[in-house]
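Below is one structure; the comments refer to it alone.
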Amino acid sequence: MPELPEVETVRRMLEQHVRGRRIGRVRTSTKPLRFPMTRGLTRRVAGRSIERLGRHGKYLLIGLDGGLTLLSHLGMSGRWLFHPEPAVLRLPHVHVRFFFEDGSELWFQDARRFGMLELHATARVRESPLLAGLGPDPFPEPPPAEVFARLAAGRTASVKVFLMDQRHVAGIGNIYASEILFRAGVHPARATGRVRADEWLAIRDEMRDVLAEAVERFGTTFSLYRTLWNEPGNYAERLFVYDRAGEPCRRCGGEIRHMVQSQRSTYWCPACQPKRRARAVRGARPAGPRAAKV
DNA sequence: ATCCTATCCTGTAGGC
DNA sequence: TGCCTACAGGATAGGA
């Protein structure tokens, strides 16, 4: 669930509320996340201050003084939670607790443990295998449409799966892939290599707009994702297709459909995203929902 | 090289 | 009410 807008929301909140604080001590649980805890993390992080908050795709980079960077991914259910005062509440699945010297606390909670937290030397964190293979970050500006068209050439897999592949562009997941394709008027099952140049332009522009609007609304929450204050994001109410199977399309009133692609749910509107585009009328505006901005 | 499937994990929703 | 199963989707290893 946490995709680029959710991670960016957490990054901004960390920057606003946690940057500058110095870590006193750290407590970690024994259960492994996606990877075992970096050896010596507790000891090496103690006494460091949080200086910079970065992000690439769905990865969060927490820069500390002394040339260290924490690399974090939320996986499916990961949350960074901030407590301005020493926290008395008990929550399950809290794997890491940072105790700041001023008494505030930052927790990493992750029920399903698909998330991760690693300590790296700042100078080498970009070479980490997790980051090295990622495509460009599309926020706030996605790469030009030609970049997508070039990567897409000859591919037979569906354009929806293509957009979710982090090697092509980093940060798009299942929810925003469906939303971007709806707003671009492109059917999610189209072969990537057969998406035309004008459609890549639409996908690229809608990618920029969808991500920006979702960040503005603190991301999308269905059940798991929470902000730094344990609050849900509120972009879900703005979604056009995701999780809306059987409901009326907000553009044309037709019925939103559901299918499974690569073991993931895809939602789309058959009328707004025709599998085969009707023959273009000379001088006509592109079909589909692009024209009406909400 | 590219594509596709199975896997990790647990909370939740739906069926009976 | 309670038990059971299917499902959710982040990334990736391994097979076709």
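No experiment lies behind these values; they were computed from the predicted model shown. Side chains are part of it too, since the values below use all heavy atoms of this structure and drop only hydrogens, waters and symmetry mates.
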Base, sugar-phosphate, or nothing for [X], non-hydrogen atoms under 4.0 angstrom?
X: A:Ser77; result: nothing
X: A:Leu130; result: sugar-phosphate
X: A:Gln263; result: base
X: A:Met116; result: nothing

> Aromatic rings A:Phe82 and A:His17: how do their planes relate, parallel, tilted or perpendicular, breaks at 30° and 60°?
Replying inline: parallel
>> Using 30° and 60° as the class boundaries, would you call the ring planes of A:His258 and A:Tyr267 parallel, tilted or perpendicular?
In response: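 Answer is tilted, since the angle falls between 30° and 60°.
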> What does B:dA1 pair with, Watson-Crick or G-U, if both distances are under 3.5 Å?
Replying inline: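 Paired with no nucleotide.
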>> Work out how far the P atom of B:dT5 is from that of C:dC7, and round it to whole angstrom.
In response: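 The answer is 15 Å between these two P atoms.
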> Between A:Glu118 and A:Thr38, does a side-chain hydrogen bond (donor to acceptor under 3.5 Å, both in side chains) hold up when you go through it step by step?
Replying inline: CA-CA 6 Å; A:Glu118 286 180 347; A:Thr38 306; 5.7 Å; no
> Can you check whether A:Arg113 has a side-chain N or O nearer than 4.0 Å to OP1 or OP2 of B:dT10?
Replying inline: yes
> Is A:His93 near enough to B:dC9 that one of its side-chain N or O atoms lies under 4.0 angstrom from OP1 or OP2?
Replying inline: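 Looking at the OP1 and OP2 atoms of B:dC9, neither is under 4.0 Å from any side-chain N or O of A:His93.
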> Which of these, A:Arg264, A:Glu179, A:Lys160, sits in a side-chain hydrogen bond (donor to acceptor under 3.5 Å, both in side chains) with A:Asn174?
Replying inline: A:Lys160
> More 5' along DNA chain B: A:Arg264 or A:Val161, using each one's nearest nucleotide?
Replying inline: A:Val161
